[in-house]
Protein chains: 2
Amino acid sequence: MKRRTIKDIAKESGFSLSTVSLVLNNHPRISQATRDRVMAVVKKYNFFPNSAARGLASKSSKTLSVVVPNLTRVFSDIYLGELISGIYERATSQGYKILLDIATAQFIKSQEYVKLLASRRADGMLFIASDIHADYLSVFEDSPYKFLLVNHVYPGKKLNYVSVDYAASARLAAEHLLGLGHRKIGLIAGTNTFTGLQFRDEFIKVCKGWPAGSAQVAWVDGGEEWSQRGGYAAAAKLMAQTPDLTAIMAANDRMAIGAMRWLADNRRDVPEEVSVMGVDDIQLAAYVNPGLSSIRHDLYQVGIESCNRILQLIKGEIADCSDLLPTSLVVRGSTTRARGGK
Amino acid sequence: MKRRTIKDIAKESGFSLSTVSLVLNNHPRISQATRDRVMAVVKKYNFFPNSAARGLASKSSKTLSVVVPNLTRVFSDIYLGELISGIYERATSQGYKILLDIATAQFIKSQEYVKLLASRRADGMLFIASDIHADYLSVFEDSPYKFLLVNHVYPGKKLNYVSVDYAASARLAAEHLLGLGHRKIGLIAGTNTFTGLQFRDEFIKVCKGWPAGSAQVAWVDGGEEWSQRGGYAAAAKLMAQTPDLTAIMAANDRMAIGAMRWLADNRRDVPEEVSVMGVDDIQLAAYVNPGLSSIRHDLYQVGIESCNRILQLIKGEIADCSDLLPTSLVVRGSTTRARGGK
DNA sequence: ATCCTCCGGTAAATCGCTCGACAAGGCAAG
DNA sequence: CTTGCCTTGTCGAGCGATTTACCGGAGGAT
């Protein structure tokens, strides 16, 4: 079975090269009759136009680059799943394909992030892998490349982004715990992203300034990976350091679940002795015992929106983008009124 | 900043178009001196050759298509994470990029799976999304397209595959439980994949034929998604149906964890009353309480191996491929000697 | 009948790079 | 001094589409 080209289709259908091309691109210029006759041949051979040739001539690859963080086994992260599903959904519906990359040391070092766009392998880039050391992203400030941070921000750099509003989440979480009377709160923070820092700072700020009586916050770092394991260790550290705290707030659900696990292993009842709260509202949050109170982050929606935006940037419909999406409180069994609270 | 081409580099460096091309492809034909002078200009402009043009001229996209199943939020699945990480690792080291797709209804219906290869958008396809209804994959039997099933098999079709040996896993699991004296076993099976069926059949066969006394196996379907939720429901059904069983075997860890959850909710002690066992040995297996006994499936390795194979197929180094990778038993706290057992 | 629009289709110039065939120059051997 | 070979670089013909400008003919208006 020899490889066919548009030329073969043209010959067989009796029309010109250009006509076939126009048909393949649904150009209105072509009459229905011609269209049908050409398509019959296309179907007959199950012909699909060469995409490299297409890309070369049209100067567009119809491809989006998606860069995810280099966590050890990265996709285990539910967080990414939602995001990518959302992106895929939008991208596909617009005829775009997704090129997947992991932000490994090698990826950064070899400048793959700019190579992808410079070589036109991708028309735009959705970057989910940002952290506070991603200084190399400066290339994209005022560049002609279409670039967007997904669920991240980079204060001080002019970079497009679509993200959940982490400061708002911090506020919701703090208000929930404070409202339950908690005044000694342990915070397991993620400090390797700007959104993580925003969350921590805002959370502490709200606790300090609470009208009904300021609360103490002891915070520890939950580790680079925001993992269950990290949350487990962090809880241990927190409880050793401040044995009398009545609530633990973790910057994501996985760390919160790790913390709950430590508390269970050490015979501390949740929520009777210690309330625990997470962020993201991953599926598993409803499945642990007791159910984990959380802040709902609709990452699927962030994926959809990010993709919408990057496509608009590519089409030139917008010049830049900085969206913050709202979040909401989800109360389950893991948080309750502080023991000994008023 | 205007878009540069290889021609600009040629002009500026004083060499011909072809020379620059050869330099960029590390062709040995070119002397070090020339190479250096050309590369200086390339670096100066941070030039990256247009990949569409490259693909067109070289008839190779240096891209691999990876197709994952259409579970609701697909990447939440740890299973896939390992696989994709392994694939990415290999692919990248060989200069290949990864094009990601989800096997949605639309994907199947529009024949994207063949379009990707026919349009040369990808040089080969790694298909992780197979199930027993994937009949459309017949296109790839004896086709010129480079296609490989990842961690799946398709009895009756001549398709390349690299998979963990599910029958061997079934044997290991059965022998473990039987060795602990279990004679009434509930099986939560996955019946929408051939590997799932192989596992079920082999498990039952070993139980029936056990030398020290054949065991009864009651099996139920864990659902299409092999999820925690499915495992939970399946456990309920199983215990209602056969209240006196002493062990539950689930075809993957997530269903096993769901089952454990049901047992906990219904005050049945694990493993004292009911032993529970899973398959895959996902990270979470060590994190539940008690730790989940499982069969270790090194999916990362499957990813690596799959990628190796598809690259060999592409290069024509091999003509077909059917690899089964070994598995091993991991004993944790969730399985113990059957109560009332001999 | 003449002129002017549309309408539907086509010719041909790209797009930016690869690679096999060819050429020039240097050097060793005959 | 040829001849022949080796090394290094260049020519130029594609690769398979897109897209702009052009063109012939059918109607409609004058």
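Protein chains get the first letters and strands the later ones, always in sequence-line order, with residue 1 at the start of each.
Between the axis at the start and the axis at the end of the helix from C:dA1-D:dT30 to C:dG30-D:dC1 there is an angle of 50°, using five pairs per end and rounding to 10 degrees.
Interface residues of residues 5-13 of chain B facing DNA chain C, ordered by number: B:Thr5, B:Ile6; criterion, heavy-atom separation under 4.0 Å. Residues of residues 113-122 of chain A that place a heavy atom closer than 4.0 Å to DNA chain C do not occur.
A cation-pi contact, defined as under 6.0 Å to the ring centre and within 45° of the axis, links A:Arg4 to A:Tyr45.
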*Quick one, give me the B/S/- string for nucleotides 23-28 of chain C, reading 5' to 3', where B means a protein heavy atom under 4.0 Å from the base and S means that only happens at the primed atoms, P, OP1 or OP2.*
------
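Checking B:Lys59 against B:Ile30, the closest nucleotide of DNA chain D that is more toward the 5' end is the one next to B:Ile30.
Using a 4.0 Å heavy-atom distance criterion, B:Ser21 is classed as a base contact.
At whole-Å resolution of the value, CG in B:Asn26 and C1' in D:dG9 are 17 Å apart.
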Can you give me the N/O atom pairs linking the protein to nucleotides 11-14 of chain C at distances under 3.5 Å, or say none if there are none?
unit_1, atom_1, unit_2, atom_2, d
C:dA11, N7, A:Ser18, OG, 2.9
C:dA11, N6, A:Ser18, OG, 3.0

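The shortest distance between the side-chain N/O atoms of B:Ser58 and the OP1/OP2 oxygens of C:dC17 is not below 4.0 Å.
Residues passing the salt bridge (Lys or Arg N to Asp or Glu O under 4.0 Å) test with B:Lys157 are B:Asp135, sequence neighbours excluded.
Put simply, the side chain of A:Arg35 does not reach to within 4.5 Å of the side chain of A:His27, judged on heavy atoms.
The aromatic rings of A:Tyr113 and A:Phe107 lie tilted to each other, with the angle between the two planes from 30° to 60°.
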